[in-house]
Structure formats: structure tokens, C-alpha cells
Amino acid sequence: MPSFDTVLETDLVKVKNAVENSAKEIGTRFDFKGTAASIELKDKEITLIGDGDFQIDQIHDILRNKLTKAGVDVRFLDIGKVEKIGGDKVKQVTKVRDGIETEQAKKIQQLIKGNKMKVQAAIQEGKVRVTGAKRDDLQAAMALIRAEIKDLPLSFDNFRD
């Protein structure tokens, strides 16, 4: 029975390189000299530290540019709130999405069921497996998912005929 997996996977090596390049640029830029501006990656979480909201926004712009140059979609980032960490310093934790969350997987499953396609969707540990009798039905399901779910950079792999 033909099937494919809908997944949300990022290349963590590219993300790590982009964070390291951002840290290097922060260290060399004149407007960040003598400030608390820094960025680090730890366990799929990017921590931005700065002297204020404006500086956090600048660091985020640098990170976005580096990720885009590395070919990583910025929709993989789940941006957190800016928090005060003592004195006048602030930090922001940004999570790197990896794997489809349960509520998003249910949304994909309901989308497929709601369109009465001749395919079935099953949620399996961070991915959604779609099976159907015909290859054309699976390709139609891919097109539907791409068109309707725009806030996640989903990809399709493990296509079996």
C-alpha cells in the first residue's frame, strides 16, 4: 500500500553553524562592543542575551540572515518572550522545532479527513503517515497539506509505492 510521511525536520548542523556565525558577527560589530549581547545554542534552544529589546531584535535579525544564508527556513524557530534577567539585561529563548507537535498533527489529520480523500492519516511520534490505494491520491494529499498548512515548513519523505 503506497504511503509517505509528513515530517518537520531541521538540519541542526546548519542551525549550529548559523548560531556560531551570528556569535562571531556579534563579537566583531562595533555597535555591540561593551554590551552583554550574546547568542548560544543548547539542546535545540537558542538563547539571545542583550541590554534591551532593541538589541534582542538586532541579534534576531543577524540570526535570521545567517539561517537564511545556510538554507534553513526561519519557520523552524519558535520565538519565546523577552524576559528580564537582572539589572537592565534581557534574554529570549527561541526553540528550534523538530517533529510535528500533537495538536499540529491532529490538524493535518482532520484536514485530510475533512476533504474526504481516499487516504488515511496516522500520527506516529512526531510525524504523520499518510497511506492510500493510489499514488495520485497521495500526491493530492501532499498538495492539500502544502496549500493549507503554511505556518510550518513541512516536508515529505519515505514515499513508498
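Any value given below was found using the heavy atoms of this structure, including those in side chains, with hydrogens, waters and symmetry copies removed. Keep in mind that what you see is a predicted model, and the values were worked out from it rather than measured.
- T131 has its side chain out of reach of L138: every pair of non-hydrogen atoms, C-beta onward, lies at least 4.5 Å apart.
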| K14/K69 under side-chain contact (heavy atoms from CB on, under 4.5 Å): CA gap, chis, key distance, verdict | CA-CA 10 Å; K14 288 182 179 179; K69 282 183 183 176; over 6 Å; no

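- Hydrophobic clustering (ILVMFWY, side-chain heavy atoms < 4.5 Å, transitive): L8 and I123 are in distinct clusters.
- Between L152 and R97 there is a side-chain heavy-atom pair separated by less than 4.5 Å.
- Using cut-offs of 30° and 60° for the angle between ring planes, the F156 and F4 rings count as perpendicular.
- Under the 4.5 Å side-chain heavy-atom criterion for ILVMFWY residues, a single connected hydrophobic cluster contains both V128 and F159.
- One distance of note links NZ of K106 with NZ of K113; it measures 11.0 Å at 0.5 Å rounding.
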| request: Walk me through it: do L48 and H60 pass the test side-chain contact (heavy atoms from CB on, under 4.5 Å)? | output: CA-CA 8 Å; L48 311 173; H60 235 292; 3.1 Å; yes

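- Under a 4.0 Å N-O distance rule, the pair E103/K107 does not qualify as a salt bridge.
- Using a 4.0 Å cut-off between a side-chain N of Lys or Arg and a carboxylate O of Asp or Glu, D137 and K134 do not qualify as a salt bridge.
- Taking both residues in full, the closest heavy atoms of L63 and L77 are given as CD2-CD1, 4.4 Å, listed atom of the first, atom of the second, then distance.
- Cluster annotation: V93 and I56 are assigned to distinct hydrophobic clusters (Ile/Leu/Val/Met/Phe/Trp/Tyr, side-chain heavy-atom contacts under 4.5 Å, transitive).
- Formation of a donor-acceptor pair under 3.5 Å by the Q92 side chain with backbone atoms of G80 is found in this model.
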| request: Kindly determine whether N158 and R129 satisfy side-chain contact (heavy atoms from CB on, under 4.5 Å), including the steps that lead there. | output: CA-CA 9 Å; N158 214 9; R129 173 156 295 161; 3.3 Å; yes

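- Under the 4.5 angstrom side-chain criterion for Ile, Leu, Val, Met, Phe, Trp and Tyr, F54 has no cluster partners at all.
- Shortest non-hydrogen contact noted between A121 and I112 is CB-CD1, 3.9 Å.
- For the pair R29/Q58, a side-chain contact is recorded, criterion being any heavy-atom separation below 4.5 Å from C-beta on.
- Salt bridge status for D73 with R75: present, with a side-chain N to carboxylate O gap under 4.0 Å.
- Taking the side chain as every heavy atom from C-beta outward, V130 and S3 never approach each other to under 4.5 Å.
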| request: Take I108 and Q110 through the side-chain contact (heavy atoms from CB on, under 4.5 Å) test and state the conclusion after the steps. | output: CA-CA 5 Å; I108 293 169; Q110 293 301 322; over 6 Å; no

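- Put simply, the side chain of T10 reaches to within 4.5 Å of the side chain of L12, judged on heavy atoms.
- For the pair K150 (side chain) and A147 (backbone), a donor-acceptor distance under 3.5 Å is present.
- A donor and an acceptor atom, one from each side chain of E45 and T94, are nowhere located under 3.5 Å apart.
- Connection of V82 to I62 is established within a shared hydrophobic cluster, with ILVMFWY side chains joined at heavy-atom distances below 4.5 Å, either directly or through further cluster members.
- Put simply, CD1 on I145 and CG on N115 are 10.0 Å apart, with the number rounded to the nearest 0.5 Å.
- Inter-residue side-chain proximity for E40 and V19 is flagged as unmet; no heavy-atom pair is nearer than 4.5 Å.
- Rounded to the nearest 0.5 Å, atoms OG1 (T102) and CD (Q109) are 11.0 Å apart.
- Between the E148 side chain and the L144 main chain, no donor and acceptor come within less than 3.5 Å of each other.
- Tested against I46 for a side-chain contact (heavy atoms from CB on, under 4.5 Å), the candidates I39, I59, I79 yield a single pass: I39.
- Contact detail for V90 and D53: the closest heavy-atom pair is CG2-N, 4.2 Å.
- For the salt bridge (charged side-chain N to carboxylate O under 4.0 Å, His left out) condition, the pairs that include at least one residue of residues 117-127, sequence neighbours left out, are D5-K127.
- Remark: side-chain polar atoms of T35 are not paired, donor with acceptor, to backbone N or O of D31 under 3.5 angstrom.
- Salt-bridge check for D98 with K44: passed, with a basic side-chain N closer than 4.0 Å to an acidic carboxylate O.
- At a threshold of 4.5 Å between side-chain heavy atoms, the hydrophobic network of Ile, Leu, Val, Met, Phe, Trp and Tyr places I149 and M117 in one connected group.
- The two atoms that bring V119 and A141 nearest to each other are CG2-CB, 4.3 Å, heavy atoms only.
- Closest approach of I100 and T6 over heavy atoms only: CD1-O, 3.3 Å.
- Without hydrogens or angle criteria, K33 side chain to G27 main chain gives a donor-acceptor distance under 3.5 Å.
- For the atom pair CZ of R64 and OG of S22, the computed distance is 11.0 Å after rounding to the nearest 0.5 Å.
- Nearest heavy atom pair, residue F76 against residue E9, reads CZ-O, 3.1 Å.
- Under 4.0 Å is where a charged nitrogen must lie from a carboxylate oxygen, and between K16 and E20 at least one such pair does.
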